[in-house]
Trainee: 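So that we are looking at the same thing, I have put the structure below in C-alpha cells.
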Amino acid sequence: MTVDMWFDPLCPWAWLTSRWLLEVEKVRAVDVRFHVMSLSVLNEGRDLPESYRALMDDGWGPVRLAIAAEQKYGNGVLRDLYTALGTRRHPGKQEFNRDLYVAVLTELGLDPALADAAESTEYDAALRESHDAGMKPVGLDVGTPVIHAPGPTEGSQIAFFGPVVTPAPKGEAAGKLWDGVLLVAGTEGFYEIKRTRDQGPVFD
C-alpha cells in the first residue's frame, strides 16, 4: 500500500515517526511518500509563548527549501532531502541555516541555488497547498506527523496524527506497531489514545 506522511523538518517527533515508517517498509508491503506541512503555517495568528514564536519564525526556511526542491525535482526528492536535513538537525543537533542548506543540496547533487528559497516567499502558495492537503483530513488541532493510509474498506482512506514514539521501533517491532496503528485508526468513530510523555526524543 502507498502511505503518505506529512512532515516539518523542525519537529523531532515527526523525524522519529519517519524513521519508523522506513523500518515498516522493510517488513510490510508499504511504500512511503513524504510531503511537507508547516508548523509555521499551522501556528499563524495563534497566541504563542515568545520562545515558540521565535522557533516558528525560523521554521519557514526548511519547509520553503523542501517545497522548492519538490517543485524542481518532483516528490521523490523529499525522501533523501528530509533524511539529510533531519539527520543534521536531530541526531546532529545542527541549526538550520544557509550553510547547512547548501551542504545538503550539494551532497544530494541538487542545485545549491535552491538555498535561496529559504528566505523567499516564492514557493509559499505551493507550501500552503501541500500543508492543507495533509491537514484537512485530520483538522487543525494536531501538528506533525500526519499520516494518510488506505482504509479498511475498498477505496477508503484513513488519516491521523502520530504515532508519537521514541525511540523509533525497528524490524518486526516496527511492523507490529504499524499493524496496531492501522487497526486503531481504521476503527469507525475512534479519535484518540494518549498518555503523558515522560521522556524526550531518543535518536539512536
Trainee: Out of L78, L81, L110, L108, which residue meets the side-chain contact (heavy atoms from CB on, under 4.5 Å) rule with Y73?
Mentor: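 Filter result, single survivor: L110.
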Trainee: With no hydrogens and no angle check, is any side-chain donor or acceptor of H90 less than 3.5 Å from a backbone partner on P9?
Mentor: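 Side chain of H90 to backbone of P9, a donor-acceptor pair under 3.5 Å: yes, one is there.
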Trainee: Taking the side chain as everything from C-beta on, heavy atoms only, tell me whether L114 gets closer than 4.5 Å to D116.
Mentor: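 No. Closest side-chain heavy atoms not under 4.5 Å.
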Trainee: Determine the sole option in M5, E23, R79 for which the side-chain contact (heavy atoms from CB on, under 4.5 Å) test with S18 is passed.
Mentor: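 Of all the options given, the one that passes is M5.
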Trainee: For residues V27 and G171, report the shortest heavy-atom separation together with the two atoms involved.
Mentor: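 Between these two residues, the closest heavy atoms are CG2-O, 3.6 Å.
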Trainee: Using modelled atom types only, decide if a donor and an acceptor are shared between the side chain of D8 and the backbone of S38 within a distance under 3.5 Å.
Mentor: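 Flag not set: sc D8 to bb S38 has no pair under 3.5 Å.
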Trainee: Looking only at heavy atoms, which two atoms of I147 and G162 are closest? And how far apart?
Mentor: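 Reported closest heavy-atom pair: CD1-O, 3.3 Å.
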Trainee: Roughly how far apart are F160 CZ and Y191 OH, rounded to 0.5 Å?
Mentor: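 If we round to the nearest 0.5 Å, F160:CZ and Y191:OH are 15.5 Å apart.
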Trainee: Distance from R195 atom CZ to R197 atom CZ, nearest 0.5 Å?
Mentor: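 One finds 12.0 Å between CZ of R195 and CZ of R197.
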Trainee: For T2 and D31, indicate whether the former's side chain and the latter's backbone hold a donor-acceptor pair under 3.5 Å.
Mentor: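 Judged by distance alone, no pair lies under 3.5 Å.
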Trainee: Taking the six-membered ring of F203 as reference, does the cationic atom of R88 (NZ for Lys, CZ for Arg) lie under 6.0 Å from its centre and within 45° of its axis?
Mentor: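 No cation-pi geometry.
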Trainee: Quick one, V63 and I67 - any side-chain contact, counting heavy atoms below 4.5 Å?
Mentor: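 They are not in contact (no side-chain heavy atoms under 4.5 Å apart), so the answer is no.
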Trainee: Taking the basic N atoms (NZ, or NE/NH1/NH2) and the acidic carboxylate oxygens, is any pair closer than 4.0 Å for R28 and E172?
Mentor: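 The answer is yes: the pair qualifies as a salt bridge.
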Trainee: Using modelled atom types and a 3.5 Å cut-off, is there a donor and acceptor pairing between side-chain atoms of N43 and backbone atoms of R46?
Mentor: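 Not a single qualifying donor-acceptor pair exists.
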Trainee: Output a table of donor-acceptor pairs, distance under 3.5 Å, between side-chain atoms of residues 134-142 and any protein atom two or more places apart or on a different chain; print 'none' if there are none.
Mentor:
none

Trainee: With distance as the sole test, does T17 use its side chain to make a donor-acceptor pair with the main-chain N or O of P145 at under 3.5 Å?
Mentor: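 No; zero donor-acceptor contacts below 3.5 Å.
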Trainee: What are the two closest heavy atoms between Q71 and A126, and how far apart are they?
Mentor: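 Heavy atoms only, the tightest pair is NE2-CB, 3.8 Å.
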Trainee: Would E50 and R53 pass as an ion pair if we require N to O under 4.0 Å?
Mentor: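 Salt bridge between E50 and R53, a charged N being under 4.0 Å from a carboxylate O: no.
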Trainee: Answer yes or no: is there a donor N or O on one side and an acceptor on the other, between the side chain of N75 and the main chain of F34, under 3.5 Å?
Mentor: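 Yes; at least one donor-acceptor contact below 3.5 Å.
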Trainee: Could you tell me if the ring centre of W6 sits under 6.0 Å from that of H148?
Mentor: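 For W6 and H148, the ring centres are under 6.0 Å apart.
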Trainee: Check for a donor-acceptor pair, side chain of T166 on one end and backbone N or O of V202 on the other, with a separation under 3.5 Å.
Mentor: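 Such a contact is found between T166 side chain and V202 backbone.
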Trainee: Can a salt bridge be assigned to the pair K170 and E25 using a cut-off of 4.0 Å between side-chain N and carboxylate O?
Mentor: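 No, no charged N to carboxylate O under 4.0 Å.
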Trainee: Verify the cluster assignment for M56 and F96: are they in a single hydrophobic cluster under the rule of side-chain heavy atoms below 4.5 Å apart?
Mentor: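 Same hydrophobic cluster.
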Trainee: Would you give the length of the straight line joining atom CD of E95 to atom CG of L100, rounded to the nearest 0.5 angstrom?
Mentor: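 One finds 9.5 Å between CD of E95 and CG of L100.
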Trainee: With a sphere of 6.0 Å drawn around CD of E44, does it hold more than 12 non-hydrogen atoms of other residues, nucleotides or ligands?
Mentor: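 Correct, the count exceeds 12.
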Trainee: When you look at F7 and V146, which way does the side-chain contact (heavy atoms from CB on, under 4.5 Å) test go after all the steps?
Mentor: CA-CA 7 Å; F7 68 90; V146 164; over 6 Å; no
Trainee: Is I193 isolated, or which residues cluster with it under the ILVMFWY side-chain rule of less than 4.5 Å, directly or via members?
Mentor: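 Its cluster partners, ordered by chain and number, are V184, F190.
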Trainee: Between T144 and L39, is there a side-chain heavy-atom distance shorter than 4.5 Å?
Mentor: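 Yes, close enough: below the 4.5 Å cut-off.
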Trainee: Side chain of T87, backbone of A84: donor and acceptor closer than 3.5 Å?
Mentor: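 Judged by distance alone, no pair lies under 3.5 Å.
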Trainee: For T121 and W60, what are the C-alpha separation, side-chain angles and deciding distance, and is it a side-chain contact (heavy atoms from CB on, under 4.5 Å)?
Mentor: CA-CA 9 Å; T121 60; W60 289 96; over 6 Å; no
Trainee: Could you tell me the separation between the OH atom of Y123 and the CG atom of L65, rounded to the nearest 0.5 Å?
Mentor: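 It is 10.0 Å, given to the nearest 0.5 Å.
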Trainee: Would you name the heavy atoms of P152 and G186 that are closest together and state the gap between them?
Mentor: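 Smallest heavy-atom distance, with atoms named: CG-O, 3.5 Å.
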Trainee: Ignoring hydrogens and geometry, is there a side-chain-to-backbone donor-acceptor pair from S130 to V36 under 3.5 Å?
Mentor: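 Such a contact is found between S130 side chain and V36 backbone.
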Trainee: Give a yes or no on whether a salt bridge exists between E119 and R98, defined as a side-chain N under 4.0 angstrom from a carboxylate O.
Mentor: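 A salt bridge is absent here (no side-chain N lies under 4.0 Å from a carboxylate O).
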Trainee: Got H35 and R33 here, is their nearest side-chain heavy-atom distance under 4.5 Å?
Mentor: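 Yes, their side chains come closer than 4.5 Å.
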Trainee: Identify the two heavy atoms, one from D111 and one from L105, that lie closest to each other, and give their separation to 0.1 Å.
Mentor: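 Nearest heavy atoms, D111 then L105: O-CD1, 3.6 Å.
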Trainee: Does Y82 have its ring centroid less than 6.0 Å away from the ring centroid of W15?
Mentor: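 Centroid distance Y82-W15: below 6.0 Å, so yes.
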Trainee: Indicate yes or no for a side-chain donor-acceptor contact from W20 to the backbone of A174 under 3.5 Å, with no hydrogens or angles considered.
Mentor: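 Yes; at least one donor-acceptor contact below 3.5 Å.
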Trainee: Within the 3.5 Å criterion, strictly below it, is a donor on T83 or R19 matched to an acceptor on the partner's side chain?
Mentor: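 Side chains of T83 and R19: pair found under 3.5 Å.
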Trainee: Does one hydrophobic cluster hold both L183 and V3, with members joined at side-chain heavy-atom distances below 4.5 Å?
Mentor: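 Cluster IDs for L183 and V3 differ.
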Trainee: Does any part of the side chain of V24, heavy atoms only, come nearer than 4.5 Å to the side chain of V32, both counted from C-beta?
Mentor: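 When only atoms from C-beta onward are counted, V24 and V32 do not touch, as no gap falls below 4.5 Å.
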Trainee: Distance from Q94 atom CD to D99 atom CG, nearest 0.5 Å?
Mentor: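 Rounded to the nearest 0.5 Å, the CD-CG separation comes to 10.5 Å.
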Trainee: Quick check: do W13 and V165 have side-chain heavy atoms less than 4.5 Å from each other?
Mentor: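 W13 does not reach V165 side chain to side chain.
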Trainee: Of all heavy-atom pairs between A115 and Y101, which one has the smallest distance, and what is that distance?
Mentor: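 Of all heavy-atom pairs spanning A115 and Y101, the closest is CB-CB, 4.0 Å.
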Trainee: At what distance, to the nearest 0.5 angstrom, does CG of D80 lie from CD of E107?
Mentor: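 So the gap between those two atoms works out to 9.0 Å.
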